[in-house]
Amino acid sequence: AARPGATRRDDSAPPAASQEFPVVLDRRSGLGLCIDADPRNGRTLVVHAVRQGGLFDLWNRSHPSLAVLPGDHIVSANGIHGDAKSLYSECLKPQVLTLVLQRPAPPRDREAV
């Protein structure tokens, strides 16, 4: 059974490092996003934590291979991108949110010379 607020998408493969992936959440359900996100870089919202019981938690349970993880960046919300304050404002509206998240590439191990 589908959970309220989380829209079903194909989640057959996890996002590759430094790849963008979509997340669609319905804020009209009255549930909050329940994430800790940091806008300090000015361009994106950096996810620090996904708390239980919110829309991102429901998304993660319904889409385990596209789960939103700490360190992911929200780079776009309903076509708005490039300004963290505008992204934040868009995410607060009671509407369907079509988000684009980016998972940064893990740091490469430096080889000893």
Side-chain angles (χ1 to χ4, degrees):
R3 295 178 188 252
T7 303
R8 185 60 125 164
R9 304 216 18 131
D10 176 30
D11 59 344
S12 56
S18 198
Q19 179 180 3
E20 293 182 347
F21 60 100
V23 173
V24 180
L25 306 172
D26 189 348
R27 290 214 17 117
R28 297 173 301 179
S29 68
L31 287 176
L33 298 177
C34 294
I35 61 168
D36 296 331
D38 183 357
R40 285 184 282 182
N41 73 15
R43 298 179 317 279
T44 67
L45 299 174
V46 181
V47 177
H48 288 291
V50 177
R51 296 190 308 274
Q52 290 185 353
L55 291 174
F56 275 101
D57 181 45
L58 291 175
W59 171 269
N60 286 354
R61 292 173 192 230
S62 298
H63 304 84
S65 67
L66 292 176
V68 177
L69 304 173
D72 288 349
H73 290 243
I74 300 172
V75 297
S76 175
N78 293 341
I80 294 171
H81 55 89
D83 179 67
K85 289 181 183 178
S86 296
L87 285 171
Y88 180 81
S89 294
E90 190 68 15
C91 289
L92 294 178
K93 296 176 184 176
Q95 63 186 347
V96 174
L97 286 172
T98 301
L99 305 172
V100 176
L101 280 88
Q102 183 177 55
R103 178 150 307 140
R108 293 184 175 184
D109 291 334
R110 297 192 177 198
E111 295 181 23
V113 177

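FYI, the numbering just counts along the sequence from 1. All values below were derived from every heavy atom in this structure, side-chain atoms included, with hydrogens, water molecules and symmetry-related copies excluded.
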S.K.: Indicate the atoms forming the closest heavy-atom contact of P39 with L45, along with that distance.
M.R.: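 It is CB-CD2, 3.6 Å.
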S.K.: Is any side-chain heavy atom of L55 closer than 4.5 Å to a side-chain heavy atom of L97?
M.R.: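 Not touching, per the 4.5 Å side-chain cut-off.
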S.K.: Using 0.5 Å steps for rounding, measure from the NZ atom of K85 to the CD1 atom of I80.
M.R.: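 So the NZ of K85 and the CD1 of I80 are separated by 15.0 Å.
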S.K.: Could you check whether D26 and S29, counting side-chain N and O atoms only, form a donor-acceptor pair closer than 3.5 Å?
M.R.: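 Side-chain D/A pair, S29 to D26: absent.
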S.K.: Check K93 against R27 and note the closest heavy-atom contact, atom names and distance.
M.R.: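 Heavy-atom minimum between the residues: O-NE, 3.3 Å.
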S.K.: Could you see if F21 belongs to whatever hydrophobic cluster contains V46? Use Ile, Leu, Val, Met, Phe, Trp, Tyr and a side-chain cutoff under 4.5 Å.
M.R.: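 F21 does not cluster with V46.
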S.K.: Nearest 0.5 Å, please: how far is CH2 in W59 from CG in L25?
M.R.: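 Here the interatomic distance stands at 7.0 Å.
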S.K.: A side-chain contact here means heavy atoms from C-beta on lying under 4.5 Å apart; do V68 and L101 qualify?
M.R.: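 Touching, per the 4.5 Å side-chain cut-off.
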S.K.: Can you name the one residue among V75, N78, V23 that meets side chain to side chain contact (heavy atoms under 4.5 Å, CB included) with V100?
M.R.: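 Option passing the side chain to side chain contact (heavy atoms under 4.5 Å, CB included) with V100: V75.
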S.K.: Check P104 against G71 and note the closest heavy-atom contact, atom names and distance.
M.R.: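 Looking at all heavy atoms of both residues, the shortest contact is CD-O, 3.3 Å.
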S.K.: Hey, what do you get for CG (L87) to CZ (R43), rounding to the nearest 0.5 Å?
M.R.: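 The CG atom of L87 sits 11.5 Å away from the CZ atom of R43.
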S.K.: Taking the side chain as everything from C-beta on, heavy atoms only, tell me whether C34 gets closer than 4.5 Å to D57.
M.R.: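 Side-chain contact under 4.5 Å: no.
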S.K.: Please check if L92 and L58 belong to a single hydrophobic cluster, counting links between Ile, Leu, Val, Met, Phe, Trp and Tyr side chain heavy atoms closer than 4.5 Å.
M.R.: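 L92 and L58: one cluster.
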S.K.: What is the distance from atom CD of E90 to atom OG1 of T98, rounded to the nearest 0.5 Å?
M.R.: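 Taking CD in E90 and OG1 in T98, the distance rounds to 9.5 Å.
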S.K.: Once you round to the nearest 0.5 Å, how far does CG of D72 lie from NE2 of H48?
M.R.: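 These two atoms lie 11.5 Å from each other.
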S.K.: If you compare all heavy atoms of L99 against all heavy atoms of A77, which two are closest, and at what distance to 0.1 Å?
M.R.: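 So the minimum-distance heavy-atom pair works out to CD2-CB, 3.5 Å.
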S.K.: Would you compute the distance between atom CD of Q102 and atom CD of E20 and round it to the nearest 0.5 angstrom?
M.R.: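 Answer rounded to 0.5 Å: 5.0 Å.
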